[in-house]
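Just so you know, residue 1 is the first one in the sequence shown, and it goes up from there.
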Amino acid sequence: MEQSKKRSWAEPFKIKVVELLKMTTPEERQKALLEAGYNTFLLRSDDVYIDLLTDSGTNAMSDYQWAGMMLGDEAYAGSKNFYNLEHNVQKYYGYKYLVPTHQGRGAEHIISKILIKPGHYIPGNMYFTTTRLHQELAGGTFVDVIIDEAHDPESTHPFKGNVDLQKYEDLIKKVGPKNIPYITVALTVNMAGGQPVSVENLKQVHEMSKKHGIRVVLDATRAIENAYFVKTREKGYENKSIADILHELCSYSNACTMSGKKDLLVNIGGFLALNESEVFEEARNMVVVYEGLHTYGGLAGRDMEAMSRGIEEAVQEAHIRARIGQVEYVGERLTELGIPIVHPTGGHAIFLNAKKFLPHLKQIEFPAQTLAAELYLESGIRSMERGIVSAGRDKQTGDHYFPKLELVRLTFPRRVYTQAHCDVTTEAVESVFNRKDKIKGLKMVYEPKYLRFFQARFDKLS
Ligand SMILES: *Cc1c(COP(=O)(O)O)cnc(C)c1O
């Protein structure tokens, strides 16, 4: 018998402990949605069936990691779990020095405070909320130097996270290399939908930076997912291991900040890793002020052990293939159904294009917010708005920003949901799609002053 062309694959784990999900009725969901003011951030997790709000800290740990939790050495100083973590960061990421932090933003805070002086410019491949904020709080100005394709939902560029070398060079010429302490390169780019950076591009960024005496600081939060895209999309890397690619990516940088809550399969944790001894000395002093002693950085010994073991599991080929494979699977199903999504799909999320999904709604009727609410109502699935509500208002004029992209993000926690949950998700999106013409928009009835998307409330337009 001829073998079928496409071979199925399955999650590379079996399930030892389960957490029961609550199934709700449409009436219960309608009530919960009203109480939440049509904002999925204001839903109680208890009322959610499949939670695709974020992949941050929502990972399922393995038995190996849980066993490590029992081996937590809770000594105030010199915990053995710190040394295990240090060993694995050196081995897999390749940096010399490690400063643990409670999560990614703790590392961003420290590196920004050490390297940025008022008046400095920090280029980066698209902003991330906490990264940019810490740079600004230190007196710096963030400058976006990502390629234009990153802002175009129709572009199928394989490395939409790449730095535009011309934009970078123009900035160096304009403000002078002395005013640029470092460039941040995020692997992958969260705000562009988990889009990767190629090794070739990072190498060029490294060379240009070195020429001008500018450091390269990676946001390595999803660098392992980035390595998978390099392996599958970049010539010459097909036969390299994820671990080798990760090592090579980091070799083109001076330091990295890390949120372990993403790639590293834990619920809390992060670190700053670097190669320069003087900067390390300063970071080691500063972490004591803001996070905790330099051998725990705001984490329990058991948390460091779980993260250290998470590194070993995260670089395994079967894991990363299934992790990103799950996102690709949902992307393919939705595309087959003719549902508008952003292509190519990224590492951690699918983005529904709400402008195309609900073309009869004006942007001021909050199409993405509406779609996220309707998806919850349909199925109990929780997603997140990334559009006009998230974009906020112009500080000068007080008007809404009208972003080009009006998207709903379906973000996949690692090792939490099965392919069957993915099927239920695509079917729910399809059901909403089939009744899209009847869907009415929303009006905002409460607007908080800062980061309004978290707490804004809405009403249905009649
Ligand atoms: C989540 C995230 C951070 C911040 O990390 P926290 O652990 O949430 O503090 C920084 N950069 C990127 C790309 C992230 O996704």
Side-chain angles (χ1 to χ4, degrees), residues 54 56 101-148 150-151 160-164 167-168 170-172 174-175 179-195 197 205 209 214-223 226 253-259 261-262 270-272 283 286 290 346 348-349 384-396 400-401 403-405 407 409 448-454:
T54 176
S56 179
T101 57
H102 78 287
Q103 57 185 81
R105 67 197 68 183
E108 293 171 346
H109 177 206
I110 290 169
I111 197 74
S112 302
K113 250 194 146 90
I114 294 173
L115 297 179
I116 300 172
K117 303 280 169 289
H120 276 170
Y121 292 84
I122 306 91
N125 54 343
M126 201 175 265
Y127 80 98
F128 183 73
T129 50
T130 56
T131 317
R132 183 175 68 184
L133 188 59
H134 279 298
Q135 293 169 351
E136 289 171 352
L137 289 172
T141 303
F142 169 83
V143 182
D144 187 7
V145 294
I146 202 166
I147 56 172
D148 288 337
H151 296 282
K160 271 169 124 173
N162 279 357
V163 170
D164 186 324
K167 287 185 192 169
Y168 183 28
D170 289 349
L171 179 75
I172 298 173
K174 197 171 137 207
V175 306
N179 289 313
I180 305 177
Y182 63 90
I183 177 170
T184 314
V185 183
L187 312 173
T188 59
V189 182
N190 188 350
M191 299 300 270
Q195 300 293 338
V197 175
V205 169
S209 305
I214 299 169
R215 292 179 187 84
V216 177
V217 176
L218 298 183
D219 181 338
T221 295
R222 295 184 185 79
N226 198 107
S253 74
N254 305 82
C256 84
T257 57
M258 180 75 200
S259 169
K261 299 173 71 172
K262 324 293 170 54
F271 58 78
L272 171 66
M286 201 172 280
Y290 294 106
H348 66 293
M384 179 200 291
E385 192 257 16
R386 277 288 178 234
I388 183 169
V389 184
S390 296
R393 288 181 188 271
D394 185 317
K395 275 195 206 86
Q396 255 79 48
H400 296 284
Y401 283 120
K404 220 157 94 184
L405 302 181
L407 309 173
R409 190 177 89 178
K449 207 161 154 198
Y450 303 110
L451 298 175
R452 64 182 186 179
F453 56 95
F454 283 127

Are the side chains of [Y] and [X] in contact, using a 4.5 Å heavy-atom criterion?
{"X": "H109", "Y": "M286", "result": "no"}
{"X": "P403", "Y": "I388", "result": "yes"}
{"X": "H348", "Y": "K262", "result": "no"}
{"X": "V205", "Y": "V197", "result": "no"}
{"X": "N190", "Y": "T221", "result": "no"}
{"X": "R105", "Y": "L133", "result": "no"}

Y401 meets the side-chain hydrogen bond (donor to acceptor under 3.5 Å, both in side chains) criterion, sequence neighbours left out, with none
Using only atom types and a distance under 3.5 Å, with no angle test, would you say the side chain of [X] pairs donor to acceptor with the backbone of [Y]?
{"X": "N254", "Y": "V216", "answer": "yes"}
{"X": "E108", "Y": "T131", "answer": "yes"}
{"X": "E385", "Y": "S390", "answer": "yes"}

Drop me the distance from [X]'s [atom1] to [Y]'s [atom2], to the nearest 0.5 angstrom.
{"X": "M258", "Y": "Q103", "atom1": "CE", "atom2": "CD", "answer": "12.5 Å"}
{"X": "T130", "Y": "L137", "atom1": "OG1", "atom2": "CG", "answer": "11.0 Å"}
{"X": "I172", "Y": "I183", "atom1": "CD1", "atom2": "CD1", "answer": "7.5 Å"}
{"X": "K160", "Y": "H151", "atom1": "NZ", "atom2": "NE2", "answer": "10.5 Å"}
{"X": "T257", "Y": "D219", "atom1": "OG1", "atom2": "CG", "answer": "4.0 Å"}
{"X": "I180", "Y": "I214", "atom1": "CD1", "atom2": "CD1", "answer": "4.5 Å"}

Which pair of non-hydrogen atoms, one from [X] and one from [Y], has the smallest distance, and what is that distance?
{"X": "L115", "Y": "Y182", "result": "CD1-CD2, 3.6 Å"}
{"X": "T129", "Y": "M191", "result": "CG2-CE, 4.4 Å"}
{"X": "N179", "Y": "V175", "result": "ND2-O, 2.9 Å"}

Which atom pairs, one a donor and one an acceptor, fall under 3.5 Å between side chains of residues 117-126 and the rest of the protein, sequence neighbours left out?
from: K117; atom 1: NZ; to: I114; atom 2: O; distance (Å): 3.2
from: H120; atom 1: ND1; to: K117; atom 2: N; distance (Å): 2.8
from: N125; atom 1: OD1; to: A186; atom 2: N; distance (Å): 2.7
from: N125; atom 1: ND2; to: G161; atom 2: O; distance (Å): 3.0
from: N125; atom 1: ND2; to: A186; atom 2: O; distance (Å): 3.0

One pair to check against side chain to side chain contact (heavy atoms under 4.5 Å, CB included): T54 and R409. What are the steps and the verdict? CA-CA 9 Å; T54 176; R409 190 177 89 178; 3.9 Å; yes
- [ ] Say whether T184 and Q135, considering side chains only, have a donor N or O and an acceptor N or O under 3.5 Å apart.
- [x] yes
- Task: Establish, from distance only, whether the side-chain atoms of T101 and Y290 form a donor-acceptor pair under 3.5 Å.
- Result: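 There is no such pair between these side chains.
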- Task: Using a strict cut-off of less than 4.0 Å between a Lys/Arg side-chain nitrogen and an Asp/Glu carboxylate oxygen, indicate whether D148 and K167 qualify as a salt bridge.
- Result: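 Counted as a salt bridge, because a side-chain N and a carboxylate O are separated by less than 4.0 Å.
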